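The next block holds one structure in the form of structure tokens; read it before the comments.
Computed from a predicted model, the values in this text were never measured in an experiment.
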Amino acid sequence: MTRIPRIRRNDFGTLTPPALGAWDPTLTVTVVIPAHDRQETLDLTLAALSAQSYPEHLLDVIVVDDGSSTPLQLPELVPARTKLISSPPGGWGRAWAVQAGVDTATGEVIFVLDADMVPHRRHVEAQLRWHHLAPYVVALGWIDFTAGDELPTQQQVRQALEAGTERELFPLSPHRHDWAEKIIRDHDGLRTAPSSLAGRIHVGATVSYPAALLRSIGGMDTSLVLAEDTELGYRLTQAGAIYVPDPQSRAWHIGLPTAMRDFAALKRYNDPYIADRVPYRRYLRTDSGRQWLVPYVDAVVPAGTYEDVRASVDALLASTVPDVRVTVTGPWDALTTARRSPLADPGLDLRLILAAFDHDPRVHLAGDTSQPLPGTPPYRLSVPPGWMVAGDAVERLVGHMEEHDLGALRIVLEETAQGVTAARLDRTAALSRAALVAAPDEDQEDLVDALFGVEWVDGETWGFKRRPAVYPPRRKPVSDLELLAARQEKEIALYRKRTATLRAELAQLRREASKHGRDAARWREKAETWRREAVRLARTQDRTVLKRAARKIRGLAFPGR
């Protein structure tokens, strides 16, 4: 049995792809093309696919007509094994159409290509060589955008590919996927990109997936009609995928995509959908008190005594990370409605935990969670019952994981003769990657360390402590004098707040008065300037009048002079 390559984080540099044209492929690939009213460009896409360098007997194509106003047809030039299907009833949109193709595909690799793409001759081959090296690669093509409105014919496209002149098919637009290319360029071709960043460049216009990996995560989110690529990239990351952008897998994009033509409107539409499903986009989750479809951290507390579990859960719910989901694991199915002694019930603690949290939407009661729970949060924190975390502990721990791109933190809570009690924070992507490459009986902890890194830290330093002996803590009875003092302290605090407000208002009024004073001084200065100018003009005019009068008198007294 061949050992699956162990790629650390996203450093695919450990893989050595064969040179194009100098290897013998064996994997089958199904190209899925979702299309809606794209007959003219679809014809060119299919013409280019009919001239690919990848072996014809290993490639088939499925065109999915997503409710085109005029039903699509297969043109003259198509790959040998090409079929046209219609999107099934019940949905619409690109994600729906792609999923219809995925459900029909038989290839070991699924290659999604938009119907306005014209791939170069070695486009499919360049991506497929990576899939022959590791079964968890997501390969992405390199896109050039066209300028001009005139399109070539199918025959011209095929002839260009066969002659190796496909770069001359279209005038090149100055527009590029600058944001994605910058991420790739800044991170050594994406090899050094942090785990939470690599998947951001997932663009569905030209991308290929191992069919088994894509199906294992449920394929496309067909509830989305936009933002489906972003959401899928996030879930693929959590499934342990690595991303390989290949500049040799080039393709033309006919015209500009919506993201370039109307970015503001697209972002306005996508943001609420992405915020709900992609916890990495922290800037979209700034609203306090909100709950989201996919939490950032799934905190797991095994069932124990009622007091222990309540203390741990209460502390986690008070975290400064607002999108924490708490899961309490236990044999909930063992609780029956049969008659019992309420106070002598063997499952009393379990019932009290159920009573405390059954109706809190932030808390989930589940059985064994040896695998990440549905919803796929990027982090999973396991806390022994009876241990409490400080309000900012989860935020600091996750921040440390992100800063160092670790796979796991082991948090030592106490050491006794019986062993070490520890909490643990795991990166979902690291657990998934370890499961993908593990050999039988191989230790998961060692694998996570090799793939992402594991670090041990001290629990007390990071804000963990045992719960108080009595939980919830009971307040001591207070005297009437203490109650009166407490009320007076509240009143004093209120007066101080009002005084501070009045002082702020007074300061504002003084600033405004000072401004008005400065304005008045400026107006007085301007008025004086205008008065002086008026006097000067009056004097000038008086002298002019006197000169005219003198000339007139001289003319009367001495005519002819």
Side-chain angles (χ1 to χ4, degrees), residues 7 9-10 12 32 34 93-96 98-99 102 109-114 127 130-131 134 136-143 177-184 186-187 189-191 193-246 249 257-259 266-267 269-285 292-294 296 372 375-379 402 405 427-430 432-433 436:
I7 299 170
R9 301 190 178 110
N10 204 67
F12 56 86
V32 175
R94 184 179 178 277
W96 185 265
V98 170
Q99 188 58 42
V102 171
V109 176
I110 293 175
F111 196 124
V112 178
L113 192 66
D114 279 354
Q127 290 190 36
W130 294 99
H131 292 287
Y136 52 96
V137 167
V138 173
L140 299 108
W142 210 264
I143 301 174
H177 271 146
D178 294 332
W179 62 271
E181 292 182 15
K182 184 178 188 307
I183 292 174
I184 294 168
D186 291 350
H187 296 92
L190 212 65
R191 289 174 53 182
S195 303
S196 58
L197 178 65
R200 285 194 64 177
I201 70 158
H202 175 258
V203 176
T206 165
V207 58
S208 52
Y209 318 92
L213 180 65
L214 183 60
R215 291 188 173 112
S216 73
I217 63 171
M220 306 294 293
D221 183 345
T222 56
S223 69
L224 297 172
V225 294
L226 290 174
E228 71 280 355
D229 290 342
T230 301
E231 190 277 337
L232 180 59
Y234 167 76
R235 280 190 292 122
L236 286 165
T237 297
Q238 307 317 309
I242 67 161
Y243 295 88
V244 179
D246 192 333
S249 179
T258 305
L266 183 67
K267 186 177 186 303
Y269 181 93
N270 284 347
D271 276 358
Y273 293 96
I274 294 174
D276 211 24
R277 293 163 172 80
V278 183
Y280 285 145
R281 304 294 177 91
R282 305 308 293 162
Y283 65 92
L284 295 177
R285 293 190 174 186
W292 307 92
L293 178 65
V294 181
Y296 194 39
T376 326
Y379 290 103
E402 281 290 290
D405 207 14
R427 185 186 294 273
T428 302
S432 298
R433 180 84 58 83
L436 286 171

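- R9 places no side-chain N or O within donor-acceptor distance of the main-chain N or O of A193, the cut-off being under 3.5 Å.
- Annotation for P378 and P279: closest pair CD-CG, 3.8 Å, computed over non-hydrogen atoms.
- The minimum heavy-atom distance between E228 and A95, with the atom names listed, is CB-CB, 3.9 Å.
- Pairs passing the ring pair (Phe, Tyr, Trp, His ring centres under 6.0 Å) check and including a residue from residues 212-232, sequence neighbours excluded, do not occur.
- No side-chain donor-acceptor contact under 3.5 Å links Q99 and T222.
- Taking S196 as the reference, E402 meet the side-chain hydrogen bond (donor to acceptor under 3.5 Å, both in side chains) condition, with sequence neighbours excluded.
- Residues satisfying the side chain to side chain contact (heavy atoms under 4.5 Å, CB included) test with L226, not counting sequence neighbours, are L266, Y269, N270.
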Next item on the list: For L232 and L214, run side-chain contact (heavy atoms from CB on, under 4.5 Å): C-alpha distance rounded to whole Å, both residues' side-chain angles, the deciding distance at 0.1 Å, then the answer.
Entry: CA-CA 9 Å; L232 180 59; L214 183 60; 4.0 Å; yes
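- Applying the side chain to side chain contact (heavy atoms under 4.5 Å, CB included) test to D221 and every residue at least two apart in sequence or in another chain returns S223, L224, E231, R235, R277.
- L190 places a side-chain heavy atom less than 4.5 Å from the side chain of I183.
- For R282, the salt bridge (Lys or Arg N to Asp or Glu O under 4.0 Å) partners at least two apart in sequence or on another chain are D323.
- Among residues two or more places apart in sequence or in another chain, the side chain to side chain contact (heavy atoms under 4.5 Å, CB included) test is passed with A430 by R427, V448, F452.
- Here the closest heavy-atom approach between residue G204 and residue V112 is recorded as O-CG1, 3.7 Å.
- In this structure, the separation between OG1 on T376 and CD1 on I217 is 8.5 Å, given to the nearest 0.5 Å.
- For R200, the side-chain hydrogen bond (donor to acceptor under 3.5 Å, both in side chains) test picks out no residue, with sequence neighbours left out.
- With a 4.5 Å cut-off on side-chain heavy atoms, V109 and P210 do not count as touching.
- W96 has its side chain out of reach of P34: every pair of non-hydrogen atoms, C-beta onward, lies at least 4.5 Å apart.
- Scanning all heavy atoms of the two residues, the minimum distance from H131 to S208 falls at NE2-OG, 2.7 Å.
- Considering only residues two or more places apart in sequence or on other chains, Y280 meets the side-chain hydrogen bond (donor to acceptor under 3.5 Å, both in side chains) condition with Q238.
- Looking at residues two or more places apart in sequence or on another chain, you find a side chain to side chain contact (heavy atoms under 4.5 Å, CB included) between D186 and K182.
- Taken to the nearest 0.5 Å, the CH2 atom of W142 stands 11.0 Å off from the NE2 atom of H177.
- Residues satisfying the side-chain hydrogen bond (donor to acceptor under 3.5 Å, both in side chains) criterion with T237, sequence neighbours excluded, are Y243.
- How far CD1 of I201 is from CG of D229: 12.0 Å, rounded to the nearest 0.5 Å.
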Next item on the list: Step by step, work out the side-chain contact (heavy atoms from CB on, under 4.5 Å) result for V294 and V278.
Entry: CA-CA 7 Å; V294 181; V278 183; over 6 Å; no
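- Considering every non-hydrogen atom in both V138 and L140, the closest pair reads O-CD1, 3.8 Å.
- Nearest heavy atoms, T428 versus P377: OG1-O, 2.6 Å.
- Contacts of W130 classified as ring-ring contact (aromatic ring centres under 6.0 Å, His included), with partners at least two apart in sequence or in another chain: F12.
- Summarising the geometry, atom CD belonging to Q127 is positioned 4.0 Å from atom OG1 belonging to T206; distances are rounded to the nearest 0.5 Å.
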Margin query: Test side-chain contact (heavy atoms from CB on, under 4.5 Å) on Y209 and V102; report intermediate values, then the result.
Written below: CA-CA 11 Å; Y209 318 92; V102 171; over 6 Å; no
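- A salt bridge is absent between R281 and D271: the closest approach of a Lys/Arg side-chain nitrogen to an acidic carboxylate oxygen does not fall below 4.0 angstrom.
- In this structure, the side chains of I242 and R433 come closer than 4.5 Å at one or more pairs of heavy atoms.
- Taking Y379 as the reference, Y296 meet the ring-ring contact (aromatic ring centres under 6.0 Å, His included) condition, with sequence neighbours excluded.
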